Q: 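Have a look at the structure that comes next, please.
Bear in mind that the values here come from a model prediction, so they are computed numbers and not experimental data. FYI, the numbering just counts along the sequence from 1.
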Amino acid sequence: MNPSALYNLDDLRNDKVFSSLDLHFADFILQLAQSDDPVLAFSIALVSQWAARGHSCVSLPALAGQALPVEQIQSSGCCPEQTLWLETLEDSAVVGKPGDYQPLILDPQGRLYLQRYWLHEQQLAKLIQQRFHRTNLHVDEALLRQSLKRLFPNSGKNKALDWQQIAVLVAMLRPFCVISGGPGTGKTTTVVKLLALLLEQAHTQNKPLSIALLTPTGKAAVRLQESINASRQQLACHEHIRAAIPTEAATIHRWLGTIPGSPHFRFNADNPRPVDVVIVDEASMVDLMLMTRLLQALPSHTRLILLGDKDQLASVETGAVLGDLYSAAQPSGFSPSFSSHLADFLPQIPEPNPDTPAASLQDSVLQLHKSYRFDSRSGIGQLAKRMNTGDSWGAFNLLKQPPPDNSLHWIEPGAEDSIRDQVIQGFQTYLEANTAQTALSTFNQFRVLCAHREGEAGVRHWNQQIESWLEQAGLLQTGTAWYIGRPVMILRNDYQLKLFNGDIGLILPEHLLATDKTSKQQQRLVACFPTPEGGLRYFSPLRLPAHETAFAMTVHKSQGSEFNKILLVLPASPSPVLSRELLYTAITRARQQVQILSHASLFRQAVSHRLQRTSGLGDALLSLK
């Protein structure tokens with residue numbers, strides 16, 4: 001067969017290599033190019049496909065002459081050889097060089113972009129670069145030394161580095177800071193202490209300080225508010241400083257001002273939003289476009305602090321900004337000049353890296369190492385570490401022979417009775433609660449997490465199965481759309497009701513809300529949701545925006561949540577979504593116990609498979625001067 005026939009669009013349609021959207025896009029661009037070249041057609045469809053899967057570009061040198069990864073297509077066809085591929089694209093009227101205004105951009109490293117993603121990467125790198133050159137932070141260093149000693153009284157009393165204190169100091173001395181850390185490493189505690197330091201500085205200088213706490217989702221905003229409310233009560237600071245620490249968080253979209261029907265925001269480069277400090281939590285979930293829009297809307301003097309976990313799943317949309325930032329800063333190590341500055345404040349600092357230039361990205365990116373939730377004996381902590389290193393056999397053996405803390409359980413497919421009993425026990429407490437407050441708090445004791453939405457291992461099937469098991473156990477009475485105890489997860493933001501994508505509530509009889517138990521005869525059903533302050537909000541179920549039952553949820557939807565125990569259900573056949581990032585995200589949602597239902601071979605494959613999104617942002621960031 002003529003090799004070029006491998007890339008004929010009709011053959012690609014028959015092989016179901018690409019989606020209809022990819023193929024229609026290729027047809028459209030080919031018409032603009034007035035070309036029927038099969039290599040060009042293949043390239044257009046491929047870059048469209050990879051953008052839909054979260055990659056900002058396609059690396060031609062990495063794929064040239066190779067079969068595409070098995071989990072991404074259902075064809076044995078190969079990519080073009082590199083010379084032919086590059087020559088074809090360079091000769092095309094629809095492919096430009098960086099800076100050109102063409103539908104596709106081919107950069108000198110052989111990365112092929114849709115034009116808008118190339119532009120977003122360049123804009124984001126430039127916006128970060130501009131913050132590196134800001135030096136007028138107006139820090140009272142004498143006050144900062146005193147405050148650090150008060151907020152970190154035990155620092156320096158042992159040989160271990162206090163990375164929380166280092167993170168706070170870096171964020172005080174740098175206009176841009178990225179703090180990564182796993183669950184329980186104290187990211188929120190670190191931020192609350194940072195806010196206290198910033199407010200003390202502003203109070204001494206008699207200057208007002210505007211602070212924005214932002215998250216990518218409404219659910220994450222609620223979690224951030226709860227964490228800050230709890231952490232600030234423990235601060236060793238004056239009461240007026242504690243009272244000034246903000247507790248209200250907003251989604252990035254809402255804070256920027258969404259415009260219905262438009263991808264743009266009310267606050268932008270031409271209309272920046274006045275603010276002195278912006279803190280973004282769960283930054284791993286923020287995609288390339290949204291992060292670019294956020295930085296465009298910030299005044300040049302604004303401090304920006306990004307918090308997240310570099311090992312978690314990346315954003316659903318295109319890009320992996322937090323991961324790119326962290327990767328670009330490796331190998332880690334502050335510059336000698338910045339290390340010297342840190343030493344003016346702290347008794348112990350990390351060893352400097354003599355190869356790190358001053359005021360570079362490495363001076364602003366760091367990792368919190370110590371977990372206060374999982375100690376060295378914790379099975380969940382050990383499993384997370386083995387997953388992050390790709391130790392598939394080590395992770396599997398740990399599940400088969402778990403530590404004595406009873407935190408890990410392996411379930412072989414086919415053990416339905418065991419699974420049924422675990423699920424009933426997991427949800428029984430909330431279903432037997434006699435107050436709405438108790439029902440909501442105990443519902444978060446257990447959750448089923450799935451890799452997929454559809455299929456026998458998917459969310460839809462498991463929600464139906466769980467409903468059936470609980471009804472058989474006499475804990476539920478289904479039969480109508482609204483039944484007592486039904487958990488519902490919001491799927492679309494409703495700013496009027498202040499219900500956001502990912503919020504979870506329960507359908508309960510109204511008498512469970514009443515303090516006067518004489519009203520027990522009332523059986524009107526309400527949708528009850530918790531508030532960040534620990535209270536309750538309730539609505540008529542008919543007023544709820546789009547929602548679904550939430551006994552089970554996808555791992556993606558679980559990001560930003562915590563449960564006492566989880567059951568992770570993996571599919572019975574290979575899937576492109578199975579990866580160590582998905583497994584790590586799932587198991588670190590649990591505080592006490594993880595149960596995994598999976599075939600052994602698929603579990604090990606998932607641990608060995610790392611999701612790496614193709615991007616040029618890291619190279620752009622490394623070129624910062």
Q: Cationic tip of Arg604 within the cone over Phe396's six-membered ring, i.e. under 6.0 Å and within 45° of the normal?
A: yes
Q: Run through Leu306, Val168, Leu366, Leu304 and flag the one making a side-chain contact (heavy atoms from CB on, under 4.5 Å) with Cys177.
A: Leu366
Q: What residues form a ring pair (Phe, Tyr, Trp, His ring centres under 6.0 Å) with Tyr538, not counting sequence neighbours?
A: none
Q: Between Ser615 and Asp324, does any side-chain donor sit less than 3.5 Å from a side-chain acceptor?
A: yes
Q: On a heavy-atom basis, which atom in Leu288 and which in Gly319 lie closest, and how many Å separate them?
A: CB-CA, 4.2 Å
Q: Does Ser180 reach the side chain of Leu368, with side-chain heavy atoms less than 4.5 Å apart?
A: no
Q: What closest approach, in Å, do Leu325 and Val365 show between heavy atoms, and which atom pair accounts for it?
A: O-CG2, 4.2 Å
Q: If I compare all heavy atoms of Ala395 with all of Met387, which pair ends up nearest, and what's the gap?
A: CB-CG, 4.5 Å
Q: Just checking, any donor-acceptor pair under 3.5 angstrom between side chains of Thr215 and Glu282?
A: no
Q: Quick one: ring pair (Phe, Tyr, Trp, His ring centres under 6.0 Å) partners of His452, sequence neighbours excluded?
A: none
Q: What's the separation between atom CZ in Phe500 and atom OG1 in Thr217, rounded to the nearest 0.5 Å?
A: 10.0 Å
Q: As an exercise, state the distance from CD of Gln445 to CZ of Phe563, rounded to the nearest 0.5 Å.
A: 12.0 Å
Q: How long is the span from the NE2 atom in His609 to the CG atom in Leu583, to the nearest 0.5 Å?
A: 11.0 Å
Q: Can a salt bridge be assigned to the pair Arg613 and Glu581 using a cut-off of 4.0 Å between side-chain N and carboxylate O?
A: no
Q: Closest heavy-atom contact between Ile484 and Leu476?
A: O-CD2, 3.5 Å
Q: Looking only at the side chains, is there a donor atom on one of Gln605 and Ser601 sitting less than 3.5 Å from an acceptor on the other?
A: no
Q: So which pairs with a foot in residues 578-608 pass ring-ring contact (aromatic ring centres under 6.0 Å, His included), sequence neighbours left out?
A: Trp410-Phe603
Q: Drop me the distance from Asp309's CG to Gln559's CD, to the nearest 0.5 angstrom.
A: 9.5 Å
Q: Taking atom types as modelled, is there a side-chain donor on Asp22 or Ser19 under 3.5 Å from an acceptor on the other?
A: yes
Q: Assess the pair Phe427 and Phe446: is the distance between their ring centroids shorter than 6.0 Å?
A: yes
Q: Quick one: do the Asn444 and Arg447 side chains pair a donor with an acceptor below 3.5 Å?
A: yes
Q: Tabulate below the donor-acceptor pairs under 3.5 Å that side-chain atoms of residues 539-550 make, not counting sequence neighbours, or state none.
A:
unit_1: Ser540; atom_1: OG; unit_2: Leu542; atom_2: N; d: 3.3
unit_1: His547; atom_1: ND1; unit_2: Pro545; atom_2: O; d: 2.8
unit_1: Glu548; atom_1: OE1; unit_2: Arg453; atom_2: NH1; d: 3.3
unit_1: Glu548; atom_1: OE1; unit_2: Arg453; atom_2: NH2; d: 2.8
unit_1: Glu548; atom_1: OE2; unit_2: Arg453; atom_2: NH1; d: 3.2
unit_1: Thr549; atom_1: OG1; unit_2: Arg486; atom_2: NE; d: 3.0
unit_1: Thr549; atom_1: OG1; unit_2: Arg486; atom_2: NH2; d: 3.2

Q: Side chains of Gln593 and Ser407: do they bring a donor and an acceptor to under 3.5 Å?
A: no
Q: Quick one: salt bridge (charged side-chain N to carboxylate O under 4.0 Å, His left out) partners of Arg242, sequence neighbours excluded?
A: Glu239
Q: So, Glu562 and Arg589, do they make that salt bridge, N to O below 4.0 Å?
A: no
Q: For Tyr117, which residues count as a ring pair (Phe, Tyr, Trp, His ring centres under 6.0 Å) partner, sequence neighbours excluded?
A: none
Q: For Leu536 and Cys528, work out which heavy atoms get closest and say how close.
A: CD2-SG, 4.0 Å
Q: Just checking, Lys310 and Tyr326: is the charged tip under 6.0 Å from the six-membered ring centre and within 45° of the axis?
A: yes
Q: Please confirm whether the backbone N or O of Ile228 pairs with a side-chain atom of Ser231, one donor and one acceptor, at under 3.5 Å?
A: no
Q: Would you mind telling me which of Leu499, Asn493, Asp494 makes a side-chain contact (heavy atoms from CB on, under 4.5 Å) with Gln496?
A: Asp494
Q: Answer yes if the side chains of Ser561 and Ser558 hold a donor-acceptor pair under 3.5 Å, and no otherwise.
A: no
Q: Taking atom types as modelled, find out whether Gln225 and Glu248 have a side-chain donor-acceptor pair closer than 3.5 angstrom.
A: no
